[in-house]
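Here is the structure we will look at.
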Number of protein chains: 2
Amino acid sequence: MANRPAIRPTNAELAILGVLWSNGASTVREVHDALKEARDEAVGYTTILKLLQIMTEKKLVKRDTRARTHVYAAAVSEATTRGHLLSDLVDRAFGGSSLALVLQALSSARATPAELEQIRRLLDERKAPR
Amino acid sequence: MANRPAIRPTNAELAILGVLWSNGASTVREVHDALKEARDEAVGYTTILKLLQIMTEKKLVKRDTRARTHVYAAAVSEATTRGHLLSDLVDRAFGGSSLALVLQALSSARATPAELEQIRRLLDERKAPR
DNA sequence: TGACAGGTACGAAGCGCTTCGTATATTGGC
DNA sequence: GCCAATATACGAAGCGCTTCGTACCTGTCA
């Protein structure tokens with residue numbers, strides 16, 4: 001694998017990826033509008049453009065330049081990215097123990113019974129895997 | 001509560017807090033030595049000093065200046081800090097759903113049966129709380 | 001065809017984090 | 001008393017992230 005530099009998008013990048021993940025491939029304007037709607041204080045159009053250009057260099061997004069108005073698509077999956085960010089936090093603040101993280105998260109999370117059941121099911125799967 | 005600015009230590013700060021949490025109140029030299037031992041590439045003595053000074057301003061640590069050699073102690077608890085970092089990540093990358101974070105963490109974590117049992121117990125507690 | 005709307009490219013400023021060099025004080029031992 | 005060792009204080013450089021202004025290009029339409 002020549003994929004060393006690990007996917008660890010910054011805050012602003014994450015916000016943009018969020019739009020691309022939920023809305024699919026988008027133009028700068030579409031991303032800009034989506035963020036303006038979702039956020040309190042909006043950011044300039046050229047800021048989004050610049051970020052998307054940088055993200056293209058970093059291979060976080062793919063750019064289709066065939067039309068005059070470029071179209072951007074996420075080049076990293078949501079699950080993979082979340083996994084990277086999670087294991088990053090585990091290393092930095094939980095002494096490498098994802099279990100410690102899970103326990104901490106569970107002890108403060110408000111979850112519905114249905115959600116707790118979902119976790120329980122996952123635990124069952126993991127209990128007898130092989 | 002006048003504690004608005006939320007505890008969100010940076011990387012270097014977290015490393016130092018880790019030492020203070022596990023070793024208790026320490027001098028700059030002690031922190032420096034502990035980090036030198038634990039890490040691959042060490043950082044300069046005055047770097048640790050400067051960081052601790054900044055962390056004192058930020059109220060992340062408390063400083064005892066009675067002796068010539070100052071003694072620093074963590075001013076934030078490990079659990080609280082972890083909680084802040086976690087909810088920060090939940091907001092930034094998991095759409096505000098701690099459950100999504102837990103599921104993601106569980107699906108990639110390698111945990112022993114005993115640990116899984118621990119989670120199960122926690123789930124039971126939360127199931128019928130009131 | 002000329003002006004405008006809307007697109008991309010790019011340089012640079014501002015800020016926070018991290019790092020360290022250097023200046024300056026204090027202490028202990030000879 | 002003096003020197004070496006060891007402290008703290010502080011300024012500033014370097015870097016990455018974020019932001020935006022400005023320049024420039026390209027269609028459209030009256």
Side-chain angles (χ1 to χ4, degrees), chain A residues 5-19 25-36 38-73 81 84-85 88-89 92-93, chain B residues 5-19 25-36 38-73 81 84-85 88-89 92-93:
Chain A
I7 304 159
R8 213 171 296 138
T10 65
N11 250 9
E13 288 168 351
L14 219 37
I16 289 178
L17 282 175
V19 172
S26 309
T27 65
V28 175
R29 182 147 307 276
E30 286 164 349
V31 172
H32 179 244
D33 289 350
L35 285 180
K36 190 192 311 188
R39 285 183 147 192
D40 296 342
E41 43 185 318
V43 83
Y45 175 90
T46 58
T47 300
I48 303 295
L49 171 64
K50 178 68 159 183
L51 279 171
L52 279 167
Q53 286 168 346
I54 292 173
M55 290 168 77
T56 303
E57 275 175 24
K58 290 189 185 174
K59 302 276 173 63
L60 289 175
V61 298
K62 274 200 280 279
R63 171 163 66 168
D64 181 342
T65 62
R66 282 173 303 180
R68 182 166 102 87
T69 300
H70 299 174
V71 174
Y72 295 86
T81 304
H84 280 288
L85 290 171
D88 190 47
L89 185 61
R92 290 191 300 119
Chain B
I7 304 158
R8 213 171 296 139
T10 65
N11 249 10
E13 289 168 351
L14 220 36
I16 289 178
L17 282 175
V19 172
S26 308
T27 65
V28 175
R29 182 148 307 277
E30 285 164 350
V31 171
H32 179 244
D33 289 349
L35 285 180
K36 190 193 310 187
R39 286 185 147 188
D40 295 343
E41 43 185 320
V43 82
Y45 175 89
T46 58
T47 300
I48 303 295
L49 172 63
K50 178 69 158 182
L51 280 171
L52 279 167
Q53 287 169 347
I54 293 173
M55 291 169 76
T56 303
E57 274 175 24
K58 291 188 185 176
K59 303 276 174 64
L60 289 176
V61 298
K62 275 201 280 279
R63 170 162 67 167
D64 181 342
T65 62
R66 282 174 301 181
R68 180 166 104 90
T69 301
H70 300 174
V71 175
Y72 295 86
T81 304
H84 280 289
L85 290 171
D88 191 47
L89 185 62
R92 289 192 300 119

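All chains are named by letter (A, B, ...) in the order of the sequence lines, taking the proteins before the strands, and each is independently numbered beginning at 1. Note that these values count all heavy atoms, side chains included, but never hydrogens, waters or copies made by symmetry.
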In whole angstroms, the gap separating P of dG6(C) from CG of Asp33(A) amounts to 12 Å

Between Lys50(A) and Tyr45(A), the residue closer to the 5' end of DNA chain C by nearest nucleotide is Tyr45(A)

(request) Scan Thr69(A) against the nucleic acid and name what it touches under 4.0 Å (heavy atoms): base, sugar-phosphate only, or nothing. (result) sugar-phosphate

Q) For Val43(B), does its backbone N or O pair with a side-chain atom of His32(B) as donor and acceptor, under 3.5 Å? A) yes

query: Checking all strands, does Thr10(A) fall into the base, sugar-phosphate, or nothing category for heavy-atom contacts under 4.0 angstrom?
result: sugar-phosphate

Between CZ of Arg66(A) and P of dT8(C) the distance, given in whole Å, is 15 Å

Paired with Val28(B), the side chain to side chain contact (heavy atoms under 4.5 Å, CB included) test is passed by just one of Thr69(B), Ile48(B), Asp33(B), Ile16(B), namely Ile48(B)

From CD1 of Ile54(A) across to P of dT8(C) the rounded distance in Å is 15 Å

From CD1 of Ile48(A) across to C1' of dA9(C) the rounded distance in Å is 16 Å

Of all heavy-atom pairs linking Glu30(A) and Ala25(A), the shortest is OE1-O, 4.2 Å

From CZ of Arg63(A) across to P of dG7(C) the rounded distance in Å is 15 Å

Closest to the 5' end of DNA chain D, once Thr46(A) and Arg68(A) are matched to their nearest nucleotides, is Thr46(A)

Output for pair (Tyr45(A) OH, Arg29(A) CZ), nearest 0.5 Å, gives 5.0 Å

Bend of the helix from dT1(C)-dA30(D) to dC30(C)-dG1(D) from end-axis comparison, five pairs per end, nearest 10°, comes to 20°

To the nearest 0.5 Å, atom OG1 of Thr27(B) lies from atom CG of Asp64(B) at 12.0 Å

Taking dA25(C), dG7(C), dT8(C) as options, the one with an atom nearest any side-chain atom of Val28(A) is dT8(C)

Residues at least two apart in sequence or cross-chain that pass salt bridge (Lys or Arg N to Asp or Glu O under 4.0 Å) with Glu13(B), listed by chain then number, are Lys58(B)

Correct closest heavy-atom pair for Ala15(A) and Leu35(A) would be O-CD2, 3.9 Å

Span of DNA chain D engaged by chain A, first through last nucleotide within the 4.0 Å heavy-atom cut-off, is dC17(D) to dT26(D)

OG1 (Thr10(A)) and CG (Leu17(A)) are apart, to the nearest 0.5 Å, by 9.0 Å

Quick check: do Thr81(A) and Leu60(A) have side-chain heavy atoms less than 4.5 Å from each other?
no

